There are 2 protein chains.
Amino acid sequence: MDDVQQLTHTVFAANGRLISAGNQLVADIGLTSALWQVLAALEYSNETLPAASIARNMGLTRQGVQRVLDLLAEQSMIEFKENPHHRRAKLVGLTPKGKKAVAAAEKAVDSLNKQIIKKIGARRLREASATLKEMSALISENLQRKENP
Amino acid sequence: MDDVQQLTHTVFAANGRLISAGNQLVADIGLTSALWQVLAALEYSNETLPAASIARNMGLTRQGVQRVLDLLAEQSMIEFKENPHHRRAKLVGLTPKGKKAVAAAEKAVDSLNKQIIKKIGARRLREASATLKEMSALISENLQRKENP
DNA sequence: CTCCATTGGACAACATGTTGTCAATTTGAC
DNA sequence: GTCAAATTGACAACATGTTGTCCAATGGAG
């Protein structure tokens with residue numbers, strides 16, 4: 001198995017582990033990894049956005065993100081607001097409940113995050129991140145991407 | 001966003017890119033990323049295994065892998081053989097057609113793989129892989145895992 | 001202004017994988 | 001040998017995300 005296949009395998013495994021860990025850590029808050037990711041993207045962007053923009057930021061399809069947004073709206077974690085620039089594309093904003101959920105989620109992972117930074121080191125984490133991004137970019141250059149991702 | 005969150009985000013993005021790229025590269029062969037992964041796991045193990053063992057090797061659940069195996073069996077890429085040690089747990093083996101498909105898939109990614117190794121370097125790829133494995137291990141130590149993964 | 005290409009949302013079908021549950025089988029402790 | 005625990009497969013429900021398609025709304029070229 002060459003080094004690319006090896007890293008690919010490791011990425012698949014890490015992806016599964018991260019999703020599974022996220023689900024466990026935020027279950028008490030009534031979240032899942034998918035919901036948390038979208039909430040965090042909203043918190044991070046610090047402004048209201050239409051669903052399609054959120055999807056672009058996250059590298060997912062509009063449709064997938066819309067499904068999660070509808071779930072979050074059912075739980076009153078987010079709300080849709082009228083968009084003065086576009087009648088159909090409603091703006092998505094965090095509600096106070098949503099902001100509390102994001103804060104609680106960050107608190108829930110804090111200890112584990114610190115442990116990882118301490119044992120592996122910020123530098124190696126950033127190097128791994130840079131390598132993965134370069135690999136993703138090389139793949140993107142070599143293959144056509146669809147509408148969104 | 002701390003370094004762990006940053007790397008997590010990068011892993012999610014890389015995972016999506018790899019799956020999408022795999023799907024494109026092996027579409028002509030009649031495969032998908034999921035089917036290819038299972039076929040490759042079989043080729044790599046170099047022996048016939050029950051479905052549950054394959055799942056363990058891949059870090060997935062039996063049920064998910066079984067679904068893929070049934071699809072592969074429909075396409076005659078694999079076959080189930082009697083297991084002398086266990087009446088229910090049939091052994092899964094690659095058929096000649098399955099072996100051809102794996103070989104064709106490897107050929108399809110070969111050029112891209114070489115390009116990635118050339119531009120990023122084997123050393124950095126291995127370092128990223130090692131870092132991801134360490135992070136996965138730290139997460140595993142801190143959280144209960146279910147039956148299989 | 002008109003036309004059309006782009007963007008955005010909604011709906012449906014599907015792919016991938018997990019979780020829950022049950023029965024069959026094997027295995028190990030006694 | 002017997003019985004409990006662990007393993008395996010099968011089936012169902014669900015979570016997550018993609019793809020395909022259609023329509024609405026916007027915006028830019030002419």
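Both backbone and side-chain heavy atoms feed into the values below; hydrogens, waters and symmetry mates do not. Source: prediction; values computed, not measured. We name chains A, B, ... by the order of the sequence lines, and we start the count at 1 in each one.
The interatomic distance linking A/R17 (CZ) with C/dT18 (P) rounds to 11 Å, in whole Å. The interatomic distance linking B/L60 (CG) with C/dT19 (P) rounds to 11 Å, in whole Å. Protein atom CG of B/N15 is 10 Å distant from nucleotide atom P of D/dG17, rounded to whole Å. In this structure, the CG atom of A/L39 is 12 Å from the P atom of D/dT16, given to the nearest Å. Whole-Å rounding puts the B/I54 CD1 to C/dT16 C1' distance at 17 Å. Summarising the geometry, the separation between CG on A/L91 and C1' on C/dG9 is reported as 14 Å, rounded to the nearest angstrom. When the P atom of D/dT18 is taken as reference, atom CZ of A/R56 falls 14 Å away, rounded to whole Å. When rounded to the nearest whole Å, the span between CZ of A/F12 and C1' of D/dT16 equals 16 Å.
Distances shorter than 4.0 Å separate some side-chain N or O of B/R67 from OP1 or OP2 on C/dT16. Of the side-chain N and O atoms in A/R62, none sit less than 4.0 angstrom from OP1 or OP2 of C/dA10. Under 4.0 angstrom from either OP1 or OP2 of C/dT18 there lies at least one side-chain N or O belonging to B/T61. Contact annotation: A/S33 does not reach the phosphate of D/dT16 (side-chain N/O to OP1 or OP2, under 4.0 Å). For the pair B/S20 and D/dT18, the criterion of a side-chain N or O lying under 4.0 Å from OP1 or OP2 is not met. For A/R87 and D/dA24, the shortest distance from a side-chain N or O to OP1 or OP2 is not below 4.0 Å.
At a cut-off of 3.5 Å, with distance as the only test, no side-chain donor of B/Q6 or B/D2 sits close to an acceptor on the other residue. Side-chain contact, A/T131 with B/R124: a donor N or O sits under 3.5 Å from an acceptor N or O. Between the side chains of A/S129 and B/T10, a donor-acceptor pair is found at a separation under 3.5 Å.
Ion pairing between a basic and an acidic side chain is recognised when a charged N comes within 4.0 Å of a carboxylate O; B/E82 and B/R87 show no such pairing.
Toward the 5′ end of DNA chain D lies the nearest nucleotide of B/Q66, the other residue of the pair A/A34 and B/Q66 mapping further downstream. Projected onto DNA chain C by closest heavy-atom contact, B/V68 and B/H86 fall at different nucleotides, the more 5' of which corresponds to B/V68. Comparing A/N23 and B/P50 by the nucleotide of DNA chain D whose heavy atom lies nearest to each, the residue mapping closer to the 5' end is B/P50.
In terms of heavy atoms, A/L91 sits closest to A/P84 at CD1-CD, 4.4 Å.
In this structure, of D/dT18, D/dC23, C/dA24, it is C/dA24 that holds the atom nearest to the side chain of B/R88. Considering only side-chain atoms of B/Q63, the nucleotide from D/dT26, C/dT19, C/dT16 that sits closest is C/dT19.
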